[in-house]
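Read through the structure below, which is laid out as structure tokens, and then see the notes.
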Amino acid sequence: MAIPLPASATATANGTAALAPFDPSAPPPFRIAEIRAAIPPHCWVKSPWRSLLYVLRDLAVVSALIAAAVFFDSWLLWPIYWVAQGTMFWAIFVLGHDCGHGSFSNSTALNTLVGLVLHSFILVPYHGWRISHRTHHQNHGNVEKDESWVPLTKKTYKQLERRTRILRFTLPFPILAYPFYLMWRSPGKKGSHFNPNSDLFAPNERKDIVISTSCWALMAAVLVYLSFVFGPFQIFKIYGVPYWIFVMWLDLVTYLHHHGYEQKLPWYRGEEWSYLRGGLTTVDRDYGLFNNIHHDIGTHVIHHLFPQIPHYHLVEATKAAKGVLGKYYREPKKSGPIPIHLMENLVNSFREDHFVSDNGNIVFYQTDPYLHHH
């Protein structure tokens with residue numbers, strides 16, 4: 001009597017069963033409500049005091065680093081300061097990011113105040129970014145509507161100047177893109193995070209954009225003033241270099257959460273897209289000793305599905321949800337203290353992930369074989 005094979009198995013030449021490769025684009029056999037139910041109730045609780053303690057911790061470290069750098073003023077120590085301070089700027093961004101999601105506290109006023117202060121300090125227009133980032137979360141994995149690191153269609157890609165293509169897909173240029181994205185967005189998209197009349201924003205959001213752009217301008221004016229007081233080179237050393245380290249962190253992390261997995265992951269259009277399927281294309285990453293420093297932002301799948309969960313509950317929530325997610329959760333490769341293993345993912349992705357088809361509701365990245373050869 002023949003034994004029926006499971007649906008996920010195929011018959012090999014010798015008659016044995018072999019599991020078919022997992023298809024990450026297949027509709028999941030669970031609903032988002034089942035994932036939510038698996039997460040302990042306390043993981044949804046937001047503590048403003050705990051969140052504020054993280055803010056105080058980060059600001060104390062930033063202040064101590066500045067004091068130490070100015071006191072010692074040694075070229076042996078400046079590079080260490082730049083990396084450490086740039087990493088702390090990135091940590092501060094993540095806390096402001098939580099304010100934008102409302103996972104910092106249940107108080108909109110507190111979230112707005114803290115978010116404006118933290119993001120303005122690192123030259124991010126808080127409300128402009130908050131609104132576009134909300135669009136990213138609401139449309140994650142959607143080729144037509146996503147906002148962050150959206151794939152270019154083949155038609156759009158072919159219309160780019162060759163120089164633009166090379167800059168977009170050759171390190172280190174892509175991980176320096178964030179300030180330019182804030183100003184002009186991505187190829188094929190119009191608008192600015194600083195302009196209240198941009199298509200990014202609804203008419204009732206324009207007042208918020210004026211406020212955040214004004215706060216950004218105030219911080220820029222403070223930096224100019226300090227440059228006159230202490231000298232531009234000193235401010236460049238104290239603030240300018242860490243700012244660009246922060247930008248590299250931001251671009252590196254946000255890119256790798258949606259690209260560069262060992263198996264190519266789908267992007268969707270039209271009726272094939274859903275909030276759940278789009279969220280399941282995100283990727284968790286292990287950043288070694290930086291996980292705690294930048295508030296576990298590498299725990300990204302559950303964050304994308306449930307951005308209301310505070311960062312200090314993401315690890316526990318992810319562990320609880322794994323049983324429901326099954327193969328749709330991709331365990332991050334374990335990192336050493338420094339996540340150098342991620343550079344391979346980054347480099348390979350920029351070599352291979354160039355555009356997606358103009359047609360089809362489930363698409364995968366394709367490669368331009370001539371990009372770096374002609």
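Just the heavy atoms: all of them, side chains too, but no hydrogens, waters or symmetry mates, feed the values below. Position 1 is the first residue of the sequence, and the numbers go up from there. Just so you know, these numbers come straight off a predicted model, no measurement behind them.
- Separating the OH atom in Y243 from the CG atom in L223 is a distance of 10.5 Å, to the nearest 0.5 Å.
- Contact check on E316 versus K319 returns no salt bridge, with no Lys/Arg side-chain nitrogen under 4.0 Å from an Asp/Glu carboxylate oxygen.
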Check: So Y255 and S349, side chain to side chain donor-acceptor pair (under 3.5 Å) or not? Walk me through it.
Finding: CA-CA 10 Å; Y255 185 87; S349 182; 2.6 Å; yes
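- Relative ring orientation between W129 and H133 is described as parallel, the plane-to-plane angle staying below 30° on a 0-90° scale split at 30° and 60°.
- With a 6.0 Å radius and a threshold of 12 heavy atoms from other residues, nucleotides or ligands, F230 has its CZ atom at or below the threshold.
- Proximity of the aromatic rings of W90 and F290 is defined here by a centroid distance below 6.0 angstrom, and this criterion is not met.
- In this structure, E161 does not pair ionically with R168, as no charged nitrogen and carboxylate oxygen lie closer than 4.0 Å.
- Between F233 and W75, the two ring planes are tilted [angle within 30° to 60°].
- Remark: Y54 OH to R57 CZ distance equals 6.5 Å, nearest 0.5 Å.
- Between the side chains of E262 and N345, at least one donor N or O sits under 3.5 Å from an acceptor N or O.
- Residue-environment remark: NZ (K264) exceeds the threshold of 12 foreign heavy atoms within 6.0 Å.
- Connection of F194 to F180 is established within a shared hydrophobic cluster, with ILVMFWY side chains joined at heavy-atom distances below 4.5 Å, either directly or through further cluster members.
- No single ILVMFWY cluster, assembled from side-chain heavy atoms under 4.5 Å apart, contains both V283 and L280.
- Residue I340 qualifies as open at atom CD1: its count of foreign heavy atoms under 6.0 Å is 12 or below.
- Inspection of the N111 and S105 side chains reveals an N or O donor paired with an N or O acceptor under 3.5 Å.
- Between H259 and Y365, the angle of the ring planes lies from 30° to 60°, which puts this pair in the tilted group.
- When only modelled atom types and interatomic distance are considered, S357 and N359 share no side-chain donor-acceptor pair under 3.5 Å.
- For the atom pair CG of L113 and OG of S107, the computed distance is 9.0 Å after rounding to the nearest 0.5 Å.
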Note to self: Show, in sequence, the C-alpha distance, side-chain angles and deciding distance for L250 and I175, and conclude whether the side-chain contact (heavy atoms from CB on, under 4.5 Å) test is met.
What the structure shows: CA-CA 8 Å; L250 187 150; I175 60 172; over 6 Å; no
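- Using cut-offs of 30° and 60° on the angle between ring planes, the pair F246 and F93 is tilted.
- Annotation: F72 is not in aromatic contact with Y81 [ring centroid separation under 6.0 Å not met].
- A 6.0 Å sphere centred on CD of Q263 holds more than 12 heavy atoms belonging to other residues, nucleotides or ligands.
- Among all heavy-atom pairs drawn from C43 and A317, the shortest one is SG-N, 4.1 Å.
- A cation-pi contact links R330 to Y261, judged by a cut-off of 6.0 Å to the six-membered ring centre and 45° from its axis.
- T112 contributes atom OG1, which lies 7.0 Å from atom CG of D208 (distance to the nearest 0.5 angstrom).
- A salt bridge links E331 with K322; the closest basic N to acidic carboxylate O contact falls under 4.0 Å.
- Linking ILVMFWY side-chain heavy atoms closer than 4.5 Å, directly or via other members, places W249 and I338 in a single hydrophobic cluster.
- Annotation: H311 is not in aromatic contact with H294 [ring centroid separation under 6.0 Å not met].
- By the 30° and 60° cut-offs, the orientation of the rings of Y275 relative to W273 is perpendicular.
- Taking NZ from K154 and CG from L152, the interatomic distance works out to 13.5 Å, rounded to the nearest 0.5 Å.
- A cation-pi arrangement is not found for R351 relative to F169, the charged atom failing to lie both closer than 6.0 Å to the ring centre and inside a 45° cone about the ring normal.
- Judged by the 6.0 Å distance and 45° axis criteria, K190 is not positioned over the aromatic ring of W184.
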Next item on the list: Any chance you could lay out the side-chain contact (heavy atoms from CB on, under 4.5 Å) test for I297 and R285, step after step, and finish with the verdict?
Entry: CA-CA 9 Å; I297 195 62; R285 300 290 188 180; over 6 Å; no
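- Using the six-membered ring where Trp is involved, H137 and H300 have ring planes that are tilted, between 30° and 60° apart.
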Margin query: Walk me through whether F89 and Y239 qualify under ring-ring contact (aromatic ring centres under 6.0 Å, His included).
Written below: CA-CA 10 Å; F89 281 15; Y239 186 94; 5.4 Å; yes
Next item on the list: Test side-chain contact (heavy atoms from CB on, under 4.5 Å) on L276 and I35 and set out the steps.
Entry: CA-CA 10 Å; L276 175 58; I35 309 173; 3.8 Å; yes
Checklist line | Test side chain to side chain donor-acceptor pair (under 3.5 Å) applied to Y329 and D284, step by step | finding: CA-CA 8 Å; Y329 179 77; D284 279 12; 2.7 Å; yes
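- Side-chain heavy atoms closer than 4.5 Å link hydrophobic residues (I, L, V, M, F, W, Y) into clusters, and following such links, even through other members, never connects L226 to L218.
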Margin query: If you apply the rule salt bridge (Lys or Arg N to Asp or Glu O under 4.0 Å), what do you find for R134 with E205, and how did you get there?
Written below: CA-CA 13 Å; R134 180 187 66 198; E205 295 170 329; 2.7 Å; yes
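- When Q138, H136, H140 are each tested for a side-chain hydrogen bond (donor to acceptor under 3.5 Å, both in side chains) with D146, only one passes: H136.
- Qualifying side chain to side chain donor-acceptor pair (under 3.5 Å) partners for Y312, counting only residues two or more places apart in sequence or in other chains: none.
- Checking H257, Q308, H101 one by one against H303, the side-chain contact (heavy atoms from CB on, under 4.5 Å) holds for a single residue, H101.
- Side-chain rings of W267 and F364 stay apart, their centers remaining 6.0 Å or farther from each other.
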Notebook entry, point to check: Would F121 and V117 satisfy side-chain contact (heavy atoms from CB on, under 4.5 Å), going step by step from the backbone distance to the final call?
Noted result: CA-CA 6 Å; F121 174 69; V117 170; 5.7 Å; no
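- Linking ILVMFWY residues whenever their side-chain heavy atoms come closer than 4.5 Å, directly or via other members, places W244 and Y178 in the same cluster.
- Counting heavy-atom neighbours within 6.0 Å of D199 CG, excluding the residue itself, gives a total of 12 or less.
- Checked by atom type, the side-chain pair Y181/S148 shows no donor-acceptor distance below 3.5 Å.
- Interatomic distance, T153 OG1 to E144 CD, rounded to the nearest 0.5 Å: 10.0 Å.
- In the displayed structure, K158 atom NZ is contacted under 6.0 Å by more than 12 heavy atoms of other residues, nucleotides or ligands.
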